[in-house]
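All ligand and atom numbering here is 1-based and tracks the order in the structure. Values below: all heavy atoms of this structure, side chains included; hydrogens, waters and symmetry mates excluded.
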Amino acid sequence: MLTEQQKALWEQLRHTLSRDQAIWFAGYVQGIVQPEGMAATATVTAQKKLRVFFATETGNSKMVAQQVAKQAKDHGWNASPQSVKKIKQAEELQSDEPIIFITATHGEGEPPETALAFFEMLQQSDVSLKGVKYAVLGLGDSSYPQYNQAARDLDAYMEKLGAERIYERGELDVDFASHYPQWIAGVLSALPSAQLASVLPVTIETAMPAGKGYSRLEPIVGRVREMINLNDRGSAKETYHIEIEHDEPLAYAPGDVAGIILPHFAEGVDHLTPRLYSIASSPLAHAGSIHLTVALAWHQDEDGEIGYGLCSRYLADLKVGDEVKFFIQRNSLFKLPEDERDIIMIGPGTGIAPFRSFVWERAERGASGRNWLFFGEQHQHCDFLYQAEWIDFVETGVLHKIDLAFSRDQEHKVYVQHCLKEKASELLKWVDGGAAIYVCGAKDPMSKDVEQTLLEIFATQKGGSEAAQEFLDQLHDDNRYVKDVY
Ligand SMILES: Cc1cc2nc3c(=O)[nH]c(=O)nc-3n(C[C@H](O)[C@H](O)[C@H](O)COP(=O)(O)OP(=O)(O)OC[C@H]3O[C@@H](n4cnc5c(N)ncnc54)[C@H](O)[C@@H]3O)c2cc1C
Ligand SMILES: Cc1cc2nc3c(=O)[nH]c(=O)nc-3n(C[C@H](O)[C@H](O)[C@H](O)COP(=O)(O)O)c2cc1C
């Protein structure tokens, strides 16, 4: 399109432009080419609205959505990313503002938990979204059979309702950090007046570390340093504390998880999905190794024979000195708050793992916020995981409160949600004072029962179940109600 001379001039100019000058320049050019009768604008300010929605479980999609918004601003689009959870009815999508969705896939090809209601609503809707412009970016993991299924579903629902896809669906894998900038640049250039895409290089700082040790594509090899069955005689469980030492430097934060690469021992299976385990160690207190808390999973097959979970069996059988391939997976929503904030940790069973990391980390940092732990298992005498450490933390004043639910130590079953109910008034005081609530462990039924109980507790204070739900949603939006459940 340009002559050689124009090209040379452009190259000369391009490299001297600051970002603000480039934005001004784009607006200027836009003004020149606008139809007659429209005033030429010499500046592009962020005046057009773009809607950016994310559906996330561990924070990656939110982070990418924030980058989309940031980059869009430089192109004259105003966007503040929101969770799809905010969209209660499909009619809310009817608008001439273009929409960009970023969604992860979880479970077995399902949307993230907080987005389930939105997906269901959209699937069942018959409202017309004709004229609505949209694009979908999916974050997934190709080692799962239903790769990026949530993004595919969302794209199909929007299409079915008549919306117009303005840019092809992106499907990114575990190495998404090095690929999403390209998709963002593409989608922004597909927006009606985004001429700047070719002017401004897309410079996006990724919040995710890439490289060795941070995805299943580039695992590191560690060695087992310690292997302890945390359950005592008389227990129906086998839960292993496993310490894996590594020579290479690894950055992680409490709340992150480790992905374990399975060796090729299963006949005919050549590509097994790594299994994730919450990291139970603190980078400050346990430099040079990561700790896991692994429950041996078992089942009875049709013939009544006992079978075991693949990865937990593999881990349970490891011996000191054995090699293990693993990587760190960031969990950017499940993070410790500021040191001054109180935290309430609800983690029965292996749900205790990240809270061991939290409390060790807070002890090392001398964090002033108070720490309250709810733990549950079957029997106190044989299933109280990390008992000696918790007692120590209570004695040294690091752990301010601990409430225990041993379900089978009395006639009636007692679970963590019963403890929550019993301590309702104190819990409300902590929450009123700004405490953040963390839940980790079994998704079903534990996390659902806990949530129901929290709602009941809030309902007594807030004046009804609707107000309680609103309050919990607000806590969630403020990162003060965070779950890591599986
Ligand atoms: C974010 C996250 C964090 C996690 N953190 C932890 C943690 O800290 N500690 C922990 O222990 N786990 C944790 N998990 C769970 C863990 O990732 C594994 O899912 C778990 O260890 C089971 O994996 P497996 O390979 O042993 O079992 P799999 O082989 O995947 O089997 C899954 C289940 O199905 C059963 N099963 C297998 N075959 C059959 C069959 N033919 N019939 C009936 N049942 C069958 C198995 O017994 C097992 O219970 C976490 C999961 C996530 C997503
Ligand atoms: C328990 C679990 C299940 C997952 N299931 C799938 C899946 O079925 N398909 C897929 O493509 N990715 C799957 N993933 C990968 C996630 O989509 C991927 O890690 C993504 O980057 C997470 O984004 P988020 O942080 O926004 O939730 C799964 C991840 C986890 C932890």
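- For atom 23 (O) of ligand 1, the nearest protein heavy atom (residue, atom name, distance) is Arg275 NE, 3.7 Å.
- Distance from atom 8 (O) of ligand 1 to its nearest protein heavy atom, with residue and atom name: Ser278 N, 3.3 Å.
- On a distance-only criterion, Val294 and ligand 1 share no N/O pair closer than 3.5 Å.
- Partners of Asp232 under the side-chain contact (heavy atoms from CB on, under 4.5 Å) rule, at least two apart in sequence or in another chain, are Cys382.
- Protein heavy atom in closest approach to atom 29 (O) of ligand 1: Leu310 N, 2.8 Å.
- Between Lys401 and Asp342 there is no salt bridge, since no side-chain N of the basic residue sits under 4.0 Å from a carboxylate O of the acidic one.
- A salt bridge is absent between Lys237 and Asp383: the closest approach of a Lys/Arg side-chain nitrogen to an acidic carboxylate oxygen does not fall below 4.0 angstrom.
- Counting the atoms of ligand 1 from 1 in the order shown, those under 4.0 Å from a heavy atom of Trp298 are 47 (O).
- With a 6.0 Å radius and a threshold of 12 heavy atoms from other residues, nucleotides or ligands, Lys325 has its NZ atom at or below the threshold.
- More than 12 heavy atoms of other shown residues, nucleotides or ligands fall within 6.0 angstrom of atom CD in Glu92.
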### Message
side-chain contact (heavy atoms from CB on, under 4.5 Å), that's the test. Do Ile87 and Met121 meet it? Break it down for me.
### Response
CA-CA 9 Å; Ile87 310 165; Met121 177 277 291; 4.2 Å; yes
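- Ligand 1 has no N or O atom lying under 3.5 Å from any N or O atom of Asp484, backbone or side chain.
- Summarising the local packing, CD of Gln146 is surrounded by more than 12 heavy atoms from other residues, nucleotides or ligands at distances under 6.0 Å.
- For ligand 2, residues of the protein lying within 4.0 angstrom by heavy-atom distance are Thr56, Glu57, Thr58, Gly59, Asn60, Ser61, Ala104, Thr105, His106, Gly107, Glu108, Gly109, Leu139, Gly140, Asp141, Tyr144, Gln146, Tyr147, Asn148, Leu276, Gln329.
- Ring orientation note: the planes of Phe101 and Phe118 are tilted relative to one another, at an angle of 30° to 60°.
- The shortest heavy-atom distance from Asp301 to ligand 1 is not under 4.0 Å.
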